There are 2 protein chains.
Amino acid sequence: MESKTHQVECHNCRLANGCLAKGLDGDEIKQLETIISHKRPLKPSEFLYRQDDQAQSLFVVKSGSFRSTVLDAEGIEHTVDFHLPGELIGLEALQKGLFRGSVEALETASVCELPLAQLSPLSSKIPGLQSQLLHIIGSQFAAQHDRAALLGNHPASEKTARFLLMLSHRYSNLGYSSTEFNLSMPRYHIASFLCLSLETVSRQLGRLKEKGLISVQKRGIHINSLESLKSSI
Amino acid sequence: MESKTHQVECHNCRLANGCLAKGLDGDEIKQLETIISHKRPLKPSEFLYRQDDQAQSLFVVKSGSFRSTVLDAEGIEHTVDFHLPGELIGLEALQKGLFRGSVEALETASVCELPLAQLSPLSSKIPGLQSQLLHIIGSQFAAQHDRAALLGNHPASEKTARFLLMLSHRYSNLGYSSTEFNLSMPRYHIASFLCLSLETVSRQLGRLKEKGLISVQKRGIHINSLESLKSSI
DNA sequence: CGTTTGCTTGAAGGTTCTCAACAGAGGTGG
DNA sequence: CCACCTCTGTTGAGAACCTTCAAGCAAACG
């Protein structure tokens, strides 16, 4: 059952136009579908892959969300990023064929699998695929720039507000509400991502609530005014 | 004079085997050389490009070093990375054709210029070039994972030691000494990169010196024992 | 129904930042 | 040639911020 795959249908996937299939014609999409497979859905806290695993494939998040982590030399885990639907995972494996971090499902989640051995030749054959691949790679780098600005030298209050605004922006790009969403990760994962203690994150969310900028009910976040939240930074 | 270009000779460049030319045969290298140009060398603190500039090209550091920065929404500058010879710069522009950060020479420095419009078709034609391009992209992602582990949730003393070890490692990969090198950036750029105040960086370097782990003379760093420095973390 | 997990809140303590003064190097101009 | 200024780096003292330790609560789970 582990390796059972399902039929892939990029042409009626709602994510297709933020994904690799964007800009391809019907025939090209068919070729792409032949190399893509689906693994069975992952359960919460199940690993998609682990640091130092051999990498046969890249993955695109189809549903749910993921967290990627690295272990440093001392064995301390750092949360590098969260991944929402449509995002490409595993690019760091292009260097040596090894995954340089682990990726873990935060909730029930599914991915499309792109075998590296077939992706590269196919992208040489289909120019639109190659350019879309480079486009997506570029967005990942651009996102990392944004993340650097988010995490850099800011007090905890700003990091927390920026974190919520980043999620808001990403959900909005996916067609979801930009002011109302559920956090798919616990406080200590947010803390690890923002390089803060979990108590500080909890307190900062509390302060944003006190100020009337957001409403918080456990994992549920409601941003009362995007503008006020932005200007609070 | 601004746009004067010089002849490019990948085949006798000492960086070639960490660069795009790696694994290409003589004829393929010739094709690559036809699309690469050199700009005149940049002077210290001169910009290679600025945030939101139109991106026509990617760049590879040929000599000297660079610093890349982002401005956040509030106009605060963050140092995202330092770039040493052999490293590819500008990948974040693959998304929208705009540079998402600025890149500034830290000293007299030169680059090879790779026009995007010609790089993509050429890499379709030369499979070895495409795979080497993906390989380099992969190393950039891998490096970002390492950076996350460097910067994440550590006290200032560890960040500083890790920073020196990272530079040591990178210089060593370039064939330079891993224990003796000159910092090409002032303390406040290190501080901005590590998310610390410049005074804290200065004090931490002082403490590493007091402990006998390193010698510091302005920009000159000598690591007395790599092992001791590592185990001090 | 007890245990575990996630979250909140309080108090104390430590780390880092800010403000400030100072010193040396390098460049400029009189 | 020297005075002057700027830039860079060091060092100190106090304040602010964040972390750690601790206790308590609610919801989820077996």
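Letters A, B, ... mirror the listed sequences (proteins, then strands); counts begin at 1. Since the model is a prediction, treat every value here as computed from it, not as a measurement. In what follows, every heavy atom counts, from backbone to side chain, and hydrogens, waters and symmetry copies are set aside.
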### Task
Might you work through the salt bridge (charged side-chain N to carboxylate O under 4.0 Å, His left out) test for A/E107 and A/K43, ending with a clear yes or no?
CA-CA 6 Å; A/E107 55 196 321; A/K43 290 182 288 240; over 6 Å; no
### Task
Kindly determine whether B/F141 and A/F141 satisfy ring pair (Phe, Tyr, Trp, His ring centres under 6.0 Å), including the steps that lead there.
CA-CA 8 Å; B/F141 279 103; A/F141 279 103; 4.3 Å; yes
### Message
Please evaluate residues A/R100 and A/D52 with respect to the criterion salt bridge (charged side-chain N to carboxylate O under 4.0 Å, His left out), reporting the C-alpha separation (whole Å), side-chain torsions for both, the decisive distance (0.1 Å), and the verdict.
### Response
CA-CA 6 Å; A/R100 300 288 290 263; A/D52 300 324; 6.0 Å; no
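A/F82 pairs in a ring-ring contact (aromatic ring centres under 6.0 Å, His included) with only one of the listed residues (A/F193, A/Y171, A/F66), which is A/F193.
With sequence neighbours excluded, the residues that form a side chain to side chain contact (heavy atoms under 4.5 Å, CB included) with A/A143 are A/R147. Evaluation of the salt bridge (charged side-chain N to carboxylate O under 4.0 Å, His left out) rule for B/E77 yields B/R67 as partners, not counting sequence neighbours.
Taking the centre of each ring, B/H78 and A/H154 come in below the 6.0 Å mark.
Between its opening and closing five pairs, the helix from C/dC1-D/dG30 to C/dG30-D/dC1 changes axis direction by 40°, a value rounded to 10 degrees.
Of all nucleotides in DNA chain D, those with any atom nearer than 4.0 Å to a heavy atom of chain B start and finish, going 5' to 3', at D/dT8 to D/dA13.
Side-chain contact, B/T200 with B/S197: a donor N or O sits under 3.5 Å from an acceptor N or O.
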Check: residues 174-187 of chain B side-chain donor-acceptor pairs under 3.5 Å, at least two apart:
from, atom 1, to, atom 2, distance (Å)
B/S177, OG, B/T179, N, 3.0
B/S177, OG, B/T179, OG1, 3.3
B/S177, OG, B/E180, N, 3.0
B/E180, OE1, B/H222, ND1, 3.2
B/S184, OG, B/S65, OG, 2.8
B/R187, NH2, B/K218, O, 2.9

### Task
List the protein contact pattern of nucleotides 7-23 of chain C with one symbol per nucleotide (5' to 3'): B for base contact, S for sugar-phosphate-only contact, - for none; contact means a heavy-atom distance under 4.0 Å.
SBBBB----SSBBB---
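Within 6.0 Å of the CD atom in A/Q217, the count of heavy atoms belonging to other residues, nucleotides or ligands does not exceed 12.
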